[in-house]
Amino acid sequence: MAAYSDSLKQLDLPLIDAQILDFWQKNDIFKKSVEQKDPKNAFVFYEGPPSANGKPGIHHVMGRTVKDIFCRFHTMQGRRVERKGGWDTHGLPIELSVEKELGITKEDIGNKITVDEYNAKCKETVMQYKDVWDDITRKMGYWVDLDHPYITFKNEYIESVWWLLSQLYKKGLLYKGYTIQPYSPAAGTGLSSHELNQPGTYRDVSDTTVIAQFLTIHESLPQFLEHYGDIHILAWTTTPWTLPSNTALTVGPDIEYVLVKTYNQYTFRPIQVILAKELVSKVFTNPFRLAENQEEFLSYQKDQKFIPYLVDASFSGESIIGVRYEPLLPYATPYENPQNAFRVIGGNFVTTEDGTGIVHTAPTFGADDAKVAKEAHPEIPPMLVKDQHGNLVPLVTLQGKFRDELDEIGGKYVKNEYYPEGQAPEKSVDVEISIKLKIENKAFKVEKYVHNYPHCWRTDKPVLYYPLDSWFIRSTAMKDKMIELNKTINWKPAHTGEKRFGNWLENLNDWNLSRSRYWGIPLPIWRTENASEEICIDSMAQLNSEIEKANETLGLQQVMPDDLHRPYIDEIILVSKNGKPMKRETDLIDVWFDSGSMPYAQWHYPMEHQSYIDQGLKFPADFIAEGVDQTRGWFFTLHAIASMVFESVAYKTVVSNGLVLDKNGVKMSKRLGNVIDPFETIATYGADATRWYMISNAQPWDNLKFDLEGIDEIRRKFFGTLFNTYNFFILYANIDAFQYKEDYIHVSERPEIDRWIISKLNHLIQDVQDDFSDYEPTNATRKIMEFVDEHLSNWYVRLCRRRFWKGEYGLDKIAAYQTLYDCLLNISKLSAPVAPMFSEWLYNNLNSATGREVHESVHLADFPVANLKETDDALEQRMDYAQRISSVVHSIRKKVGHRVRQPLAKIILPIIHPSFIDQVEAVKELILSEVNIKKIEYITDTEGFIKKKSKANFKTLGKSLGKNMKDGAAMIAEFDQAKINELEKKGVISLTINGEAYSITPEDVEISFDNIPGWQVGIDKDITVALDISLDDALIHEGLAKELVNRIQNMRKNADLNVTDKISVVLEKHDVLEETIRQFGDYIKQEVLAETITFAGQVNDEKVEISDEIQIAIGIAKI
RNA sequence: AGUCUCGUAGCUCAGCUGGUUAGAGCACUACACUGAUAAUGUAGGGGUCGGCGGUUCAAGUCCGCCCGAGACUACCA
């Protein structure tokens, strides 16, 4: 065995990082930590794949720290924790970065650049920063298998995804339908929400808006409206071009509506209109004016300046649901169920903020519209007509034009912006329609209106909300299953699962899978031209045999493509049962499906490794962790696919961590220049301090305000203290050659203070074990810090210092070494999940000197198990007394100006309960030496000069006293000594409050002590300490002796002497000190390792102040 | 706009199922202590617990509304 390493004089975490990373690599520690564990005892973890086309940020360090902690913890718990890395390689961000790099747009793909070239470029770009990622992974100490990662663009991965899709297809959960999506007619493409969120897409535009008058059908009106004659419903729109597609009007069921009589301002005909009561004044602005009376209203002439109106009946939205009305602009009728169109329906999204409180509803051009239309009973049909091929189409084409057959508006673009430069007509369709409505007595008001509207970021032209064909997963069909399974998942924090994710599942929509893109997993569905026959491919083998079948039937020469991406896959033509050619549906699938497939696709299931899933060896995961932003992302896709395909959860526990903000709580962004570089941070402060700071400062699921000063604080306070404690230990352990060779001293045979810190340690182990098991790393780190700082360093080591450097190498000393060694070793294990490198350094330094542990790494060791037999609550209680009594004495000393080196005669403690004396006596020596006092005396109230105070215990009394609590508390505070004594002796007294009698027990009253007159007294809660501050000669000389020791020790330290060097001391002659040396010379010699202390008339050293009155020169010399 | 989270000392955070005078660390000031110490101790300043209302003997804690910050979803007549 060797000595303990003392190569580091000062804490240098980055240096330790480098050494440990090197050690791990050379000795394959990560691999061993996995492979030494039993595969049957697996802890399954899934790595959410990052995309390597961007550089890692500090928030990635946060997320991965959380993952690493629990993987390491469970490894130390004996589980086999395989961590297969992965890369997310598809998706829009990659396409966009490629397009930016090449300076092309989507329209150029297939023209300026082939799909083949484009995808090759994407594939190249996707791994652009892989090296940087690998580097941060290593440097932050994150253990993940980067040598065998899953990569979502690999054929094997795609094949597994296809298989999953085909399972959904077989269950009837895959269908083609349409939804309203943002669409850019100029670019001919749908826009993703990501694209719509590009800066500058939402702009203020001035549009022609119309409040249209919809004429109700008399027979459908409710009774209370029957006798009014013609009634119009008013509805506002900012997109008049959608009016021909109107099929319903939506009212708020709880909104109050009124019938208003007035005259149309364009035709001057008398009309009666319905709108929300709240909006009457907003809609009836100039030239309308509320009529004073019926006469004024009836006498209106068309050339009058003001148009009068009268408010008549008032009723709820609910009461007019079902009313029918004439189609406003009957250019077309819905092909499906036209009899169900043109009705008033109810919708909760209706507000009275603007418009008329009645929403013009065109299900073909509004997402909300489509939704309420579907929810109505019977369903409101969308305005779809048959085209020449017999397909149902909306009235507007994909080019953004009205269909040709629509009379005068046919063939016109719905927005003037869509016309080629210079070809736009003077009057837009919106204006044309408005004029037509005015003439036909169908327009109540036409005006310009400025509002915010999204624009296509490529073409700068307004976006159209348009129904687009898409493939969907019918997730709504499995909604109940997903909700049920979600209840079994352990969410950290719980509310993310119950509330955020739970609500999301409750309001689940079908999953739109389609993306009209190039770089992604192609949809494995082939269809005949008329869509009557289709096939969903589930594997390469099936594709291969289908190709052969098609070759045979259709006489083709196709071969299986090497790459399953576009464009190769698009060239494959398959054959239907009836011998018709089938082409692939050109869409790609949503990349979120890629990542949600990883539990299976990472193993190329089911083509390989079937047991991993089927026998539950690697499914579901015990634990996953990502940012909260993944709640509706990866957390959902994993859950959805597992629920729908396997009727299982995909993970048992999920930790969703919050964001990393800058120190002011602002999101980090390149623009603001407040981005923290993770490499720089780790290089400066070390990975462990960074990790520990992130975990201990805030719960992982709270947002972290990242402040570099906080890391420094952790370095100083936690790692610095721990390092110093280690250094203290080895300083003496090396001198005494303590290598834990002696027999283990049974804990019961060790001194009080050793048993105390061991008791504390075992409680700590228990707590940390529980916290890590509960996925509460923040609590674990905070408790470890408190132990190291408060208890180990500032109490145990401080009080035990002398045991290490004084006296024989005997049982007491060995007990001290064993105790401190065990504490340090256990701390290294407890800290290992969070601070993997420093703890490794500590563990190996300790262990290489003693060889007590067989493991070459702390990460191969077992996590400590608390030994509750070694805990002692009474002991912890009395040590708490000792600490508090000492603290009170310090405080009194400070008040009266006696430094601690001046011994004082005694303290007096009032007895607070019968066992108090025994408790304090057990720790008496510690108190006496800590505060430099000669003895402790106890007094009871029989001496008569302490006064007891009483105070109500609100917690116990509150329930029984109820209303009388306040008065009761006042009465209890007034108890005199006799009453308190009676309570203590009898154990119960009765108290009458406001005429009601209660019995009071000692539990209900808290008793404390008042100041003792004539003494220096300090109080800490229930503990009162009185200090005797009188000095006699003996105390004064002892005080001087201690001062001398202190000065000489300082000189030794300044002279850079070794702690074992012997010295001789010469003091300048001084009468008082000569007496001190006579009494305490031996003591001083022992303390400062002096062979001799002599006086001389003249000493040529600097004068030193011993006390206020005494200054002498002191000389020391090494012997 | 909706859903969810958060708001406690200058800063970072504790505060258990409601209970006495709301705590800790950092920072600041002063004084001590130290043969492990970039450590520590003692004392001090600093809080209408985001605001208003309610329930209760009692509210930082429970309920309602509002304000502010953030995330996600949606984007509307």
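Note on naming: letters A, B, ... go to the chains in the order of the sequence lines (proteins, then strands), and numbering restarts at 1 for each one.
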Study note, to complete from the structure: Contacts of Asp430(A) meeting salt bridge (Lys or Arg N to Asp or Glu O under 4.0 Å) (sequence neighbours excluded), chain-then-number -> none
Point to revise | Residue-phosphate contact under 4.0 Å: Ser887(A) side-chain N/O, U42(B) OP1/OP2 | key: yes
Exercise for review: Determine yes or no for a side-chain-to-main-chain donor-acceptor pair under 3.5 angstrom, with Ser950(A) supplying the side chain and Val1005(A) the backbone.
Suggested key: no
Exercise for review: With sequence neighbours excluded, tell me which residues meet salt bridge (Lys or Arg N to Asp or Glu O under 4.0 Å) with Arg884(A).
Suggested key: Asp880(A), Asp1020(A), Asp1022(A)
Check your understanding: Hey, which of these two, Leu1057(A) or Gly357(A), hits RNA chain B nearer its 5' end, going by closest nucleotide?
Key -> Leu1057(A)
Study note, to complete from the structure: Comparing nearest nucleotides in RNA chain B, the 5'-proximal residue of the pair Leu11(A), Lys705(A) is Lys705(A)
Point to revise | Ring-ring centroid check Phe804(A) Tyr817(A), cutoff 6.0 Å | key: yes
**Study point:** Quiz item: Glu786(A) side-chain donor-acceptor pair to A24(B) base, under 3.5 Å
**Key:** no
Review point. In terms of side-chain geometry, is the basic nitrogen of Glu1043(A) or Arg899(A) positioned less than 4.0 Å from the acidic oxygen of its partner?
Key: yes
Study note, to complete from the structure: The dot-bracket string of RNA chain B, counting Watson-Crick and G-U wobble pairs with both distances under 3.5 Å, using [ ] for crossing pairs and | for pairs to another strand, is (((((((..((((.....[...)))).(((((.......))))).....(((((..]....))))))))))))....
Review point. With sequence neighbours left out, what residues match His791(A) under ring-ring contact (aromatic ring centres under 6.0 Å, His included)?
Key: Trp756(A)
Check your understanding: Which residues satisfy the side-chain contact (heavy atoms from CB on, under 4.5 Å) test with Tyr821(A), sequence neighbours excluded?
Key -> Tyr4(A), Phe729(A), Phe738(A), Tyr740(A), Leu825(A), Leu846(A), Asn847(A), Thr850(A), Arg852(A)
Cut-off 3.5 Å, no hydrogens considered: what does the side-chain donor-acceptor table look like for residues 692-708 of chain A, sequence neighbours left out?
{"from": "Tyr693(A)", "atom 1": "OH", "to": "Lys705(A)", "atom 2": "O", "distance (Å)": "3.0"}
{"from": "Tyr693(A)", "atom 1": "OH", "to": "Asp707(A)", "atom 2": "N", "distance (Å)": "3.0"}
{"from": "Ser696(A)", "atom 1": "OG", "to": "Trp692(A)", "atom 2": "O", "distance (Å)": "2.8"}
{"from": "Gln699(A)", "atom 1": "OE1", "to": "Thr778(A)", "atom 2": "OG1", "distance (Å)": "3.4"}
{"from": "Asn703(A)", "atom 1": "OD1", "to": "Leu659(A)", "atom 2": "N", "distance (Å)": "2.9"}
{"from": "Asp707(A)", "atom 1": "OD1", "to": "Glu709(A)", "atom 2": "N", "distance (Å)": "3.2"}

Review point. Among all residues two or more places apart in sequence or in another chain, which pass the salt bridge (Lys or Arg N to Asp or Glu O under 4.0 Å) test with Arg801(A)?
Key: none
Study note, to complete from the structure: Those residues at least two apart in sequence (or on a different chain) that pass ring-ring contact (aromatic ring centres under 6.0 Å, His included) with Tyr257(A) are none
Tabulate atom names and distances for all N/O pairs under 3.5 angstrom spanning the protein and nucleotides 58-62 of chain B.
none

Review point. Under the 3.5 Å rule, do the base of A36(B) and the side chain of Ser793(A) count as making a donor-acceptor pair?
Key: yes
Polar atom pairs between nucleotides 3-9 of chain B and protein, under 3.5 Å, N or O only, would you list them?
{"from": "U3(B)", "atom 1": "O3'", "to": "Asn503(A)", "atom 2": "ND2", "distance (Å)": "3.3"}
{"from": "U3(B)", "atom 1": "O2'", "to": "Asn503(A)", "atom 2": "ND2", "distance (Å)": "3.0"}

Review point. How does protein reach along nucleotides 25-33 of chain B, written 5' to 3' as B (base within reach of a heavy atom under 4.0 Å), S (only sugar-phosphate), or - (no contact)?
Key: SSS---S-S
**Study point:** Those residues that, when tested against Asp736(A), pass salt bridge (Lys or Arg N to Asp or Glu O under 4.0 Å) (two or more places apart)
**Key:** Lys813(A)
